[in-house]
Protein chains: 2
Amino acid sequence: MTDNDELLSIRAAELYYEDDKTQDEIGTILRLTRWKVGRLIAQAKANGFIRIEIVHPRARRLGLERQLRENTRLSDAVVVSTAGVVDEHDLQRRIAQAAADYLTALRPVPRTLGISWGRTLYDISVQLGHGWATGVHVVQINGGVSLNSQPGTAAATAVSIAQKGAGQFTLLPSPAILERVQTKQALAADRSVAAVLQLGATASAYLFSAGQADEGSAHVASGYLTPAQIDDLVQNGAVGDIVGRFISRTGQIVDPALDERTFGIPLEQLRRAKTAIAVIGGQRKHAIAQAVVGSGLCTVLITDEDTARALLAREP
Amino acid sequence: MTDNDELLSIRAAELYYEDDKTQDEIGTILRLTRWKVGRLIAQAKANGFIRIEIVHPRARRLGLERQLRENTRLSDAVVVSTAGVVDEHDLQRRIAQAAADYLTALRPVPRTLGISWGRTLYDISVQLGHGWATGVHVVQINGGVSLNSQPGTAAATAVSIAQKGAGQFTLLPSPAILERVQTKQALAADRSVAAVLQLGATASAYLFSAGQADEGSAHVASGYLTPAQIDDLVQNGAVGDIVGRFISRTGQIVDPALDERTFGIPLEQLRRAKTAIAVIGGQRKHAIAQAVVGSGLCTVLITDEDTARALLAREP
DNA sequence: GCTGAGCCTGCTCACCTGAGCGAGTTTCGC
DNA sequence: GCGAAACTCGCTCAGGTGAGCAGGCTCAGC
């Protein structure tokens, strides 16, 4: 009986969704009353046999967003669909687009916005539309005088976001990681530099991404760390970094000595922030995304479908 | 404008399909009238952004079936969904199941059913339910005294189909291909054998599969042909075989001499049949499926989604 | 054999939704 | 600058659909 009912519900669903027939017509075809047909279709839905997918680069998964809001500490979430994604780069562009959309719709409009830098942030700055804000002050919150092959990317990101928001920007004139603790402390003590950090501390919103801890880390590409050093960090439990600081699965600083030499606002400032938007997506960043969300380092997460599911699988 | 409308239609579709909101509620959220929302959703559908899929081993694609009926000579078609298929074997089972379902629902119930043999036919015989017919006469239509490692599969298929249909069966006591033409002619002239062929010629319905022309051909496994001979056939345009006979893309016999030695009803008999059900699916059988459908060798095709699409791409 | 609980069936009713229509608006060519 | 064509918008209306309800059926336990 149940088996036969299941098959019937599939036949009914086919006629309903594929052939656009009314439940009444289906009733005539299958020799059932239209109420029975309605119940069969409802049953097929309840059993998960009917999959409705929105295939569009800007499609979101509202169901997953709701689950994230309900089952994690996040106050808000944006989950982009992976349906029709062709490659990693395509996915990153979708996420950046979603972040740009979120920023544009953010209310109240942030007066001061603290940002990190990197590939993701740069993508967001490109996707942002002109006039997304009126008079925002963009401040870098971690060291970013880039040593890498695309000089100025960090600065270009801040400049672009500020310009498109008809505002001004303040760069943090420092490397991401200094070689000696003393240098870092001296730099932090410098009045002009301290003023930037102070400004970053008062930001009304933060926008940052995260890096995974492997040979593909931006810190390696930028020359601040060697692959061997990354390996060491991983051995000690690092799953990735945010605003330059490497953290473990539980959100703890992995290497306090290294962290002392890392220039930028402390993680505690993110944890206390009312609006901290993390933009983290892609297969390789599942672990760091879990660490960030699980330890309350952000209030808003912008991510992809797969990462969201991985997150929900951990925290039920 | 258009761009913005497209995005709006996606947002509306998300709320409608993912969040189960009414168009009126969506109107309130997006500050639109409920008619505008309805039009946006219709637009999203028309643009193909909404994909509704029925995920079930026995789900069919009625839309493709209709297209096949309209754009080919087929009088009927069954197309099984590939959504959620795990491997080739799974797909073949779905197709066999669909064929068994089709046979069970076939009206009028065939009095005499001509069948070929092979992996697919065997699968169908397994999936068939007891009592699918009452008093059917099953007749083999091509040579099938098997030489291979699973002796009796061909016979077992016929026996099983007949038994489950509460009927009798008649085997064709001959190899698929004979070594000499004279032997074949002598065998065909034998009264008891001729009677079987005669019975096959009067069948009220035929059920057969097809084999692809490559090293995986059942003829190689059965020992009737060598891989080298298959290669020769392919060189001469063979795309596969049905009821033991190798045909080209246009449905022509590829090697008349070989065909003379092949035992079974001639293809013309299938072409003239009122009900000839071909069961052909899987990536490797796209070419032979096209040949069979294109040259009118069957009136009914039971296949999978991908093969159906390949067929439709050829014949517009 | 009887009885009651639980399930299924067919129905009413209210709500949701798509087709079609006229008014207002934009756009394009002259 | 003007007029016509095309489009968009909000609406009416009828048809489609899901929630909730009463009656009947099945089945287990006494």
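Chain A is the first sequence line, chain B the second, and so forth, proteins listed ahead of strands; every chain is numbered from 1. None of the values given here were measured: they were computed from a predicted structure.
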Could you walk me through whether B:Asp304 and B:Val85 pass the side-chain contact (heavy atoms from CB on, under 4.5 Å) check?
-> CA-CA 11 Å; B:Asp304 64 273; B:Val85 164; over 6 Å; no
Residue pairs, two or more places apart or on separate chains, that pass ring pair (Phe, Tyr, Trp, His ring centres under 6.0 Å) and touch residues 47-75 of chain B = A:Phe49-B:His56, A:His56-B:Phe49
Euclidean distance, atom [atom1] of residue [X] to atom [atom2] of [N] [Å, nearest integer]:
X	N	atom1	atom2	result
A:Lys21	D:dG16	NZ	P	13 Å
A:Gln43	D:dG18	CD	P	14 Å
B:Asp20	D:dG18	CG	P	11 Å

Pairwise distance CD1(B:Ile280) to CG(B:Leu297) - rounded to 0.5 angstrom | 9.0 Å
Indicate the atoms forming the closest heavy-atom contact of [X] with [Y], along with that distance.
X	Y	answer
A:Gly281	A:Thr303	CA-OG1, 3.9 Å
B:Lys21	B:Glu25	CA-OE1, 3.4 Å
B:Val126	B:Lys164	O-NZ, 3.0 Å
A:Gly282	A:Thr307	N-OG1, 3.6 Å
A:Val279	A:Ala99	CG2-CB, 3.9 Å
A:Leu103	A:Leu113	CD2-CD2, 4.3 Å

Students should find that the end-to-end axis angle of the helix from C:dG1-D:dC30 to C:dC30-D:dG1, with five pairs defining each axis and rounding to 10 degrees, is 30°
Pairs under 3.5 angstrom, nitrogen or oxygen only, protein versus nucleotides 22-26 of chain D, please.
none

Residues within residues 22-35 of chain B bordering DNA chain D, heavy-atom distance below 4.0 Å =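 Per residue number, the list reads B:Thr33, B:Trp35.
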Give a yes or no on this: more than 12 heavy atoms of other residues, nucleotides or ligands lie within 6.0 Å of atom CZ of B:Arg309.
-> yes
Side-chain polar contacts of residues 26-36 of chain B - donor-acceptor pairs under 3.5 angstrom, sequence neighbours left out - could you list them?
| unit_1 | atom_1 | unit_2 | atom_2 | d |
| --- | --- | --- | --- | --- |
| B:Thr28 | OG1 | B:Asp24 | O | 3.2 |
| B:Thr33 | OG1 | B:Lys36 | N | 3.2 |

Check whether any side-chain N or O of A:Gln23 sits under 3.5 Å from a backbone N or O of A:Val37 as a donor-acceptor pair, and report yes or no.
->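 The answer is no, because no donor-acceptor pair under 3.5 Å joins these two groups.
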Without swapping roles, check the side chain of A:Arg60 against the backbone of A:Val78 for a donor-acceptor pair under 3.5 Å.
->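 Answer holds: no.
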With a 4.0 Å cut-off (strictly under) to non-hydrogen atoms of chain A, the first and last hit nts on DNA chain C, 5' to 3', are C:dT9 to C:dT12
Using only side-chain N and O atoms of A:Tyr16, determine if any of them is under 4.0 Å from OP1 or OP2 of D:dG16.
-> no
